[in-house]
Every structure is written in structure tokens, then in C-alpha cells.
Amino acid sequence: MPRISLKGLLVASFLSLGLVLMAAYSMISKDYFIRGLDASMAANMEKTARTFLRLVGPEQQRQGQEFSGFYLAKDWQRMPDYVRQSFAQPPTEPALLYKASDGGGFRRPERMVFLMRYDTQEGPLYIARELTPPVKSTVVHATVRQNRQFMLTVSLVVLGFIALISWLLLRHVSRPMAALRAWTHALDRDKLAQPVPDFAYPELNELAELIRTSLSSVQAALERERRFLRHASHELRTPISTIRSNVELQRKLTARQATDEAQQAILDRIDRASLTMQHLTETLLWLNHQPDEPLQAQDVDLARLVRELADEMAYLLTGKPVRTRIVTSPFTCALPLIPARIVLGNLIRNAYQHCWHDSVRIEQHGARIVIRNPVGLENPDDSDLQQQTGYGLGLELTEQLSQRLGWRYHHALRDGVYQAEVEVCPASY
């Protein structure tokens, strides 16, 4: 369901308020008009009753007769049939106008009967009048028409005035809100350091200051994290290089003299750990690479790179009953070598680390690389891994790198087989 905007809500609210006010005042105007007619009728009936009592004798007053357009009688039974049919009982309250009509709802009545009781010293005097279409007053018709026209004119003026006020108010309020929205979308590192512009209203200024403060805190935290990763990664490169240099030196020394298998195993573990640290350091360094700095692309033999990385990671399968099946096809394209090594190396490393039986299958056809490995319960951690969409930091970094490079990357776990797929996109880096 589409959500209404704040501007649309305010417009609808003002229009609804205007319509409600128009309807209310129209009903009040109609009620006042009818009350005015009733008061005029009651005043005429009272005046006619006083004149009737002064000019007509007592016997004629009791018998009843037409007088000045009204029927007057002191005896209720002498009142015309249309009066006694409209009112079952004689009126009990003096100087109170009683009305009866055949209309209802919005239907215009065709017949109306007015009745009033006028008390005298000799008793009540009943005065009535029947109005039907042939005898309706033209003055009343003209008054009704004038009242309707006046009410319509006032309603249109009020509606136009409300619409004008609404437009001016929305225009006056929407401009600062639009400016706040544009300012928020345009916020960057430089604008966060600048003072907040004036948005005309204290509430909007306070909201803008809250936004700037929150984003500044987030920006500062990101800067601290990025600075720490950059410095830590740079600092780690030197000891890692020293470890790997000494490992190579130790290998050359042990090649000249006989060493037992335990010493060789220790050396291999140090070599593998230093290689893993080197790959992780390169990944973190590249993640801190500034997006606006161009990447140096070079022609890369993708098939050769895949096989080279698979050989480098082969130590992860040592002692496991796991086979490796690699299928590649010749394909060369221009790619940034270090990010490509990081992405493919992470995928192959995770497949080797978390495969404990059967085989790891690596396929490369053109720019598309697919890596499949079974996930079995031989590894005590595999029951938890099956509930995940990745294998930790390696694949998380791989996903971030793929997004930065614009490569298509997908991974899924189906029927106990984990599949990672990446399609490199040669482009101008």
C-alpha cells in the first residue's frame, strides 16, 4: 500500500477541515434561516390573534373562522380537519409554534401546517395556517434563493481562503524541509565539518544538528577503524616478511643437513601460518584502498592464476582424505592482480579449510570461476557452518572486494554442497 507523503497529508487535512467547516456553517445557516421563518410566522400569528380578539365577537371566536389568512378558534373541535389530522392533541404550551409537514430527509415538503396556542382571559385561542404549493409566498421563495446564493458564495470564498492559506503555509514550510532533505543527501566529509545551515525553524535546525552530530560520530569511528587497520596492516608486513624470509633461509639450511620429520613439520606450520597472515594483511590493506585512486590493471592468465593459487593452498588439505579436481580453459584479461589474487585465494582457501571428505572441484571457464566443496559432519563445526551463508572473515572480505571491483559474486549451500561463484568483469580500473 503506497504511503501518503507529509505534504499530501497536510493538503488533505486542510481541505477536509475546510469541507467540514463549510458543511457545518451551511447546516447552521439553514437552521438559522428556518428559525427566522418560524419566528416571523409566530410573530404574525400572535399579531393576528390580538387583532382577531379585538375585532371579532366572543361567539364567532368560539365557532372559529378564517381571518387574515389564518384560521382561529377557541374550541379545538372547531378547528379544520387538516389541523386535527396533523396534530392529535391540542397544543399545551402557549406562544410555541408547532409544525407538521409531509416532507422527510432531503425531500421538499408539499404541505405544511403551522399551529400556535394564544392564551386569553377567557381561555386558549388556537391559530393555524396551512401552506401548500399554490399559496406559498413568493417572498419566501426569493429569500430562500438569496440565502442559498449567499451561502454558496460564502462557502466558495471560505474554501478558497483555506486553500490559499494552506498553499502559503505549505510553501513556507516545505522550502526549509526540502532544503534540509537536499542538505542531508549532500552530506560528505567536508560538509560535516562545516556549521549547520539555517533552516528557518528551530525544530529543523535541531534535527539537522542531530543528523550532523550522529554522522560525524559515525565518520570519526570509521576513520579510527580505517586508520587502525591501515597502520596495523603496514606494521604487520615487516614481521611477516621477516618470518617468511627466515623460513626460506631455514629451508635452504635444512636442505644441506638431515633433519627429522618433527622439525620439518614445525617449519611447514610456520610457513603456512605466515602465508595466511600475508594474504589477510594484503586483503585489509586493499580494503583501505581509496576508491578514487586508480587500480593498475594488467594482463592476467586466469587459468594459470587459479592453478597457482590452488597449489599455494594445497597445504590446507594435508592429512585430509580430500581430492582436488581443477578444470580450466585458457583465458587472459586485464585485471588488477592483487585484488584478483585476494578474491580467488579466499574462495579456494575457504573451500580447502572446510572440506573434510570427497573432493573440491574448481572450474574456470572464461571469466567465470565456480568452486564446490561438500560440507560434512566429520568436522565438528560443520553443523554450525550449514546454518551460515559463508565461512567467516574470508568470505566476508571476498564479498566486499567483489562489490568494490564490480564483480558478480554468489554463494549458496544446497544439499550439503557449498558453491561459490565469481565472474570477473574486465573493465577500465
Side-chain angles (χ1 to χ4, degrees), residues 19-158:
L19 292 176
V20 169
L21 289 176
M22 286 174 53
Y25 280 112
S26 297
M27 294 176 61
I28 293 174
S29 176
K30 176 184 175 182
D31 184 71
Y32 279 1
F33 177 72
I34 294 175
R35 287 175 182 270
L37 292 178
D38 291 345
S40 177
M41 176 65 73
N44 288 333
M45 294 175 77
E46 186 177 10
K47 181 178 179 181
T48 302
R50 288 197 298 266
T51 305
F52 177 76
L53 292 173
R54 188 175 65 252
L55 298 179
V56 179
E59 182 63 23
Q60 292 178 340
Q61 293 177 10
R62 190 180 66 82
Q63 294 295 327
Q65 67 177 27
E66 289 278 349
F67 184 83
S68 188
F70 296 91
Y71 194 92
L72 297 91
K74 288 188 175 181
D75 188 357
W76 174 256
Q77 300 300 326
R78 299 290 184 177
M79 295 296 291
D81 293 339
Y82 68 84
V83 176
R84 288 184 284 110
Q85 290 175 359
S86 301
F87 303 95
Q89 299 293 332
T92 58
E93 295 292 333
L96 180 64
L97 184 66
Y98 292 81
K99 295 187 297 183
S101 66
D102 56 359
F106 294 97
R107 185 169 62 88
R108 178 181 297 179
E110 295 296 330
R111 175 177 170 273
M112 294 190 67
V113 178
F114 296 90
L115 176 64
M116 191 176 71
R117 172 177 169 171
Y118 184 81
D119 286 347
T120 65
Q121 295 180 355
E122 295 79 12
L125 173 66
Y126 303 105
I127 176 171
R129 181 170 184 176
E130 181 184 29
L131 293 181
T132 55
V135 296
K136 283 186 178 179
S137 173
T138 56
V139 176
V140 173
H141 276 291
T143 305
V144 170
R145 185 172 61 255
Q146 293 175 0
N147 184 73
R148 186 184 300 114
Q149 292 176 353
F150 176 75
M151 188 166 52
L152 180 61
T153 302
V154 171
S155 299
L156 293 177
V157 170
V158 170

What is the distance from atom [atom1] of [X] to atom [atom2] of [Y], rounded to the nearest 0.5 Å?
X    : Y   : atom1 : atom2 : answer
L125 : R50 : CG    : CZ    : 12.0 Å
M41  : K99 : CE    : NZ    : 10.0 Å
R62  : Q77 : CZ    : CD    : 12.0 Å

- Query: Is a side-chain N or O of D31 found less than 3.5 angstrom from the main chain of M27, in a donor-acceptor match?
  - Reply: no

- With no hydrogens and no angle check, is any side-chain donor or acceptor of R117 less than 3.5 Å from a backbone partner on P124? no

- I would like to know whether L55 and F67 meet side-chain contact (heavy atoms from CB on, under 4.5 Å); could you show each step before the answer? CA-CA 10 Å; L55 298 179; F67 184 83; 4.1 Å; yes

Got [X] and [Y] here, is their nearest side-chain heavy-atom distance under 4.5 Å?
X    : Y    : result
Y71  : I127 : no
W76  : Q89  : no
M116 : Y98  : no
D75  : Y126 : no

So which heavy atom on [X] is nearest to which on [Y], and how close?
X    : Y    : answer
V113 : S86  : CG2-OG, 3.7 Å
L53  : K74  : CD2-CE, 4.0 Å
M112 : S101 : CG-CB, 3.8 Å
A128 : L115 : CB-CD1, 3.9 Å
F52  : Q60  : CZ-O, 4.4 Å

- Would R111 and E130 pass as an ion pair if we require N to O under 4.0 Å? yes

- Message: Under 4.0 Å between a side-chain nitrogen and a carboxylate oxygen: does that hold for D38 and R35?
- Response: no

- Task: State which residues pass side chain to side chain contact (heavy atoms under 4.5 Å, CB included) with R54; sequence neighbours excluded, sorted by chain then number.
- Result: T51

- Please name all residues satisfying side chain to side chain contact (heavy atoms under 4.5 Å, CB included) with P94, sequence neighbours left out, ordered by chain then number. D119

- Cationic tip of R129 within the cone over F70's six-membered ring, i.e. under 6.0 Å and within 45° of the normal? yes

- Message: Checking F87 now: which residues fulfil ring-ring contact (aromatic ring centres under 6.0 Å, His included) with it, not counting sequence neighbours?
- Response: none

